[in-house]
Every structure is written in structure tokens, then in C-alpha cells.
J.: 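Here it is: the structure, laid out below.
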Amino acid sequence: FFTVGADEIETKINRNDHTDIIWMRANYNAEFKDELSYLEEYLNKEKNNGLEDIYWELAGSGDRGETSQLLLIGMMIDKAEIDITDTKVEVKMYKAFKDGY
């Protein structure tokens with residue numbers, strides 16, 4: 001969100017049944033609206049469960065804002081919902097609990 005000019009960011013994490021839900025909303029600079037188009041594509045890519053554990057180990061590497069980090073997060077979550085308006089972007093990410101988690 002910082003890379004698209006956000007200076008107001010809200011986050012909330014909920015645990016419901018067997019799923020974690022991470023909700024985020026932020027304002028952004030309209031100049032960067034095109035960069036937000038990648039959120040839906042990268043966060044909802046087809047999952048490769050075999051790579052998930054490896055990706056968790058890699059989390060945090062790379063430069064902030066790289067699209068590869070979006071792909072990385074997308075591989076670690078089950079689903080993302082993105083809502084982009086003229087002034088705000090809202091992201092809701094879902095992750096089901098693993099056995100023993």
C-alpha cells in the first residue's frame with residue numbers, strides 16, 4: 001500500500017471456524033491506480049500446494065512492492081477479494097487452517 005501512496009491503512013484479522021481472514025483497507029494516490037490491477041490477478045492465481053511451505057520460508061525476501069511478493073502471498077492464501085474505488089482499495093484474504101494449526 002505504501003508503494004501506491006497510502007497514508008491511511010486499516011487492518012483486521014479474524015479467526016472464524018477453520019479460516020483466518022486478513023482484511024485491509026487503504027487510501028491511495030490516483031496516479032498509481034494501474035498498479036492495483038495486479039492485486040486480483042496475483043492474489044488469486046491457481047494454487048500449487050506443494051510450493052506453499054517453501055513460499056512461507058521465502059516470505060519477507062525481495063524489495064517492498066515487488067509483484068513477486070504478491071504472487072508469493074497469493075500462493076500462501078486460499079482466496080482474495082479486492083475492491084478498488086476511486087479513493088480506496090480493500091483487500092480481504094482467506095486462509096483455511098491446516099490440521100494441527
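Please read all numbers here as calculations on a predicted model, not as lab measurements.
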J.: Side chains of R25 and V89: closer than 4.5 Å at any heavy-atom pair?
T.: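 Of all side-chain heavy-atom pairs linking V89 with R25, none is under 4.5 Å.
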J.: Quick test of your reading of the model: are D83 and K92 salt-bridged, counting only N-O distances below 4.0 Å?
T.: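 K92 and D83: not salt-bridged.
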J.: How close do M93 and V91 get, heavy atom to heavy atom, and via which atoms?
T.: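 Closest pair (atom of M93, atom of V91, distance): CG-CG1, 3.8 Å.
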J.: Could you tell me which residues satisfy side chain to side chain contact (heavy atoms under 4.5 Å, CB included) with D34, sequence neighbours excluded, listed by chain and number?
T.: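 Applying side chain to side chain contact (heavy atoms under 4.5 Å, CB included) to D34 gives none.
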J.: Quick one: are T11 and I22 in side-chain contact, heavy atoms under 4.5 Å?
T.: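 The answer is no; the side chains never approach within 4.5 Å.
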J.: Could you give me the CA-CA distance, side-chain angles and deciding distance for D7 and F2, then say whether side-chain contact (heavy atoms from CB on, under 4.5 Å) is met?
T.: CA-CA 7 Å; D7 59 10; F2 291 126; over 6 Å; no
J.: Is K95 salt-bridged to D20, going by a charged N under 4.0 Å from an acidic O?
T.: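 No, K95 and D20 are not salt-bridged.
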J.: Looking at residues at least two apart in the chain, or sitting in another chain, which of them share a side chain to side chain contact (heavy atoms under 4.5 Å, CB included) with N44?
T.: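 Applying side chain to side chain contact (heavy atoms under 4.5 Å, CB included) to N44 gives E40, K79, A80, I82.
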J.: Only counting residues at least two apart or in another chain, list the ones meeting salt bridge (Lys or Arg N to Asp or Glu O under 4.0 Å) with E8.
T.: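 For E8, the residues satisfying salt bridge (Lys or Arg N to Asp or Glu O under 4.0 Å) (neighbours in sequence not counted) are K88.
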J.: What's in the same ILVMFWY side-chain cluster as W23, cut-off under 4.5 Å, chained through other members?
T.: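 Under the 4.5 Å side-chain rule, W23 groups with nothing.
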J.: With T87, which residues qualify under side chain to side chain contact (heavy atoms under 4.5 Å, CB included), at least two apart?
T.: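 Residues passing side chain to side chain contact (heavy atoms under 4.5 Å, CB included) with T87: T85.
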J.: Check whether any side-chain heavy atom of K33 sits under 4.5 Å from a side-chain heavy atom of D86, and report yes or no.
T.: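 Yes, side chains in contact.
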J.: If you take the centroid of each ring, where Trp contributes its six-membered ring, are Y42 and Y38 closer together than 6.0 Å?
T.: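 Yes - the distance between ring centres of Y38 and Y42 falls below the 6.0 Å cut-off.
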J.: Once side chain to side chain contact (heavy atoms under 4.5 Å, CB included) is applied, do any residues pair with T19, and if so which ones, sequence neighbours excluded?
T.: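 Counting only residues at least two positions away or on another chain, T19 forms a side chain to side chain contact (heavy atoms under 4.5 Å, CB included) with I21, Y94, A96.
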J.: Which pair of non-hydrogen atoms, one from I84 and one from Y28, has the smallest distance, and what is that distance?
T.: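 Here I84 and Y28 meet closest at CG2-OH, 3.7 Å.
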J.: From E10 CD over to M24 CE, what is the distance, rounded to the nearest 0.5 angstrom?
T.: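 Going from the CD atom of E10 to the CE atom of M24 covers 10.5 Å.
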J.: Between CD of E81 and CG of L39, what distance do you get to the nearest 0.5 Å?
T.: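 That separation rounds to 13.5 Å.
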